[in-house]
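One structure below.
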Amino acid sequence: MNSTPAQIRQWDNDHVWHPFAAMSAYRDEGAPIIADAEGFFLKDTDGSELLDGYSSLWCNVHGHRVPEIDSAVHNQLDRVAHCTLLGSANLPSIELARQLVERTPDGLNKVFYSDSGSTAVEVALKIAYQYHHQKPNSPGKRDLFLCMGDAYHGDTIGSVSVGGMSLFHATYGDLLFKTLKLPPPVTFRVPDGYDANTYSAYCFDELERAVRENHERIAAFVIEPLVQGAAGILVHADGYLRRVRELTAEYGILLIADEVAVGFGRTGTMFACEQEQVRPDLMCLAKGISGGYLPIAATLATDEIYDVFLGDPTDGKTFYHGHTYTGNPLGCAASLASLKLFDDNRVLDNVQTISQQLQTRMAELQSHSRVGEVRQKGIMVGIELVRDRDGNEPYPAADRIGHQVTLASRRRGVMIRPLGDVIVLMPAPAMPVELIDQLCDAAIESINEVTA
Ligand SMILES: *Cc1c(COP(=O)(O)O)cnc(C)c1O
C-alpha cells in the first residue's frame, strides 16, 4: 500500500471489525499496524520495532520469517496451494499426520484436520457424542459434557458450550448445550473457609463426585491440560489431570485434551499431557502447530474411536463433518518445517533455559504490593494485579489496569496482551534468553509505572 500511515489507520477504523475488541476504545487509541517482521520483532507502519512478547497470540514458535519455514511454504506454493481432502489427499497432510502420530502420546493414531482451535474442539465434541451413539453394545446415548469452570475452548457455539468464562460466554447462554462444570484446582482467591491445600482437596472430591454421580450420561470430559490459558494462566494442582484420566477411563468417558494453547512446548514438554503420563482419547492441536504461520488445526483420535465410525456407507456411521480448507497443503508444509526445527534447533532445551530465566525474573515480583500472584508453567506466565494485596482486592474494571500496563510496555517497545488484570508473558519457545530479559524488563517497569 502506497498510502500514508494515517490514511491506512483511517481505513482500518472505517472497515475492519477486530476480534475481542471494544471497537470504540480500539479506534480512539490506535493500535500498531504491523507491516513486517524479523525474528522475534514486529515492525509497524510508524517504523517502530516491537518485541513479540505474546507470540502473536500464543502461536509463534521459532520467530518470524524463519528461512526454513519460509522456503517450505515457497516450495509448496510451487506445487499446489490448495486442493481438497474431500475425496482426495495431498502429500504434506499425509506426512504431517504420520509425524503428529509419532510425537503425540501413544495410541493417538488418527488425525482429523481443520483450521482453528475452535474447530479442533468442535470436531472432538461431535466425534465423542457420535461415538457413544453408535458404539456397539452401548448402554444408551450420552449427551452430557463435563468441563472446567472458567475454561476457554474457542468461540464456535459448541466450544463456547464447554467454556466457562462469563465475560465471553454469558450472552449466548440460551444457545448452548448442557454441561457440568467443575471448580478449577487453583490457589488464588480460594473461597472463604479454605486454604490452598484444603481447596485443592475439595476440587479433587468434586471431580470424583461429579463423575461417579453422572457417568452414565457423560460423553466426554474436556480439559485444557495443566494450564487454563485464557482464564488467566491458571495452573492446576499437580496430579489433577492424572486423576481425571483415571476416573474417565474407569467409567468409559472419553477424555478430550485441548492442547491448543499448551501444545508445542509451552509448558516445558512438547505436549502438556506428557507431564502426567496421560494419554487422552482425543487431542486438539492448533495455534503453535504451524510454528504460528498459517491457520491449521488437528484433532487426534484413538483407533478405538475411529473404528466405531467404520461400516457400510449406508450404515449411517460416517462422520459428516469437514471444513473447506481442511488439510491445506501450505499449512501442512509449514507445520512439517516447524516440527523439523524443534529437533534441529533443540527448541525444548531452549524452553528449559528460558523458563528458568522467567522464574528468576518473576521472583522480583513475588513481594510487589500490587501483585496478588505470579503463575507460571514452562514459558506461560500470568501476573495477577491487585489493588490491595490484603484480600487480593481487584482493581475497578473501569481502570483497565491490565490494558494500561500493555500500553506502557508498548512504549518500551514490547508487545504483550493482558487477560483482564492478568499480565501475560507468552514468549515463543525458541526466543533467546537475552530477549526474555528484555520482555521481563519491560513488563516489570510497566507494572511499576502504572501501579505506582
Ligand atoms: C485459543 C484457544 C482455542 C481457540 O483457538 P482458535 O484458533 O482461536 O479458534 C481453543 N482452546 C484453547 C485452549 C485456546 O487457547
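As the structure lists them, so they are numbered: ligands from 1, and atoms in each ligand from 1.
- Between Tyr199 and Tyr194, the two ring planes are perpendicular [angle over 60°; tilted spans 30° to 60°].
- Distance from atom 8 (O) of ligand 1 to its nearest protein heavy atom, with residue and atom name: Ser118 OG, 4.4 Å.
- Within the 3.5 Å criterion, the main-chain N or O of Ala31 finds a donor-acceptor partner in the side chain of Arg9.
- Residue pairs meeting the salt bridge (charged side-chain N to carboxylate O under 4.0 Å, His left out) criterion with at least one partner in residues 323-341, sequence neighbours excluded, are Lys340-Asp344.
- Remark: ligand 1 and Ala286 share no N or O pair separated by less than 3.5 Å (distance only, no angle test).
- Residue Val121 places every heavy atom at 4.0 Å or more from ligand 1.
- Nearest to atom 14 (C) of ligand 1 among the protein's heavy atoms is Lys287 NZ, 2.9 Å.
- Ring geometry, Phe319 versus Phe309: the interplanar angle exceeds 60°, so the pair is classed perpendicular (tilted spans 30 to 60°).
- Annotation: Trp58 places no N or O atom under 3.5 Å from an N or O atom of ligand 1; distance criterion only.
- Looking at every heavy atom in both residues, Cys273 comes nearest to Ala257 through SG-CB, 3.7 Å.
- In terms of protein heavy-atom proximity, atom 11 (N) of ligand 1 is nearest to Asp258 OD2, 2.7 Å.
- In this structure, the protein non-hydrogen atom closest to atom 6 (P) of ligand 1 is Gly117 N, 3.3 Å.
- Nearest residue to atom 3 (C) of ligand 1 from Val222, Asp155, Val260, Thr119 is Val260 (criterion: closest heavy atom).
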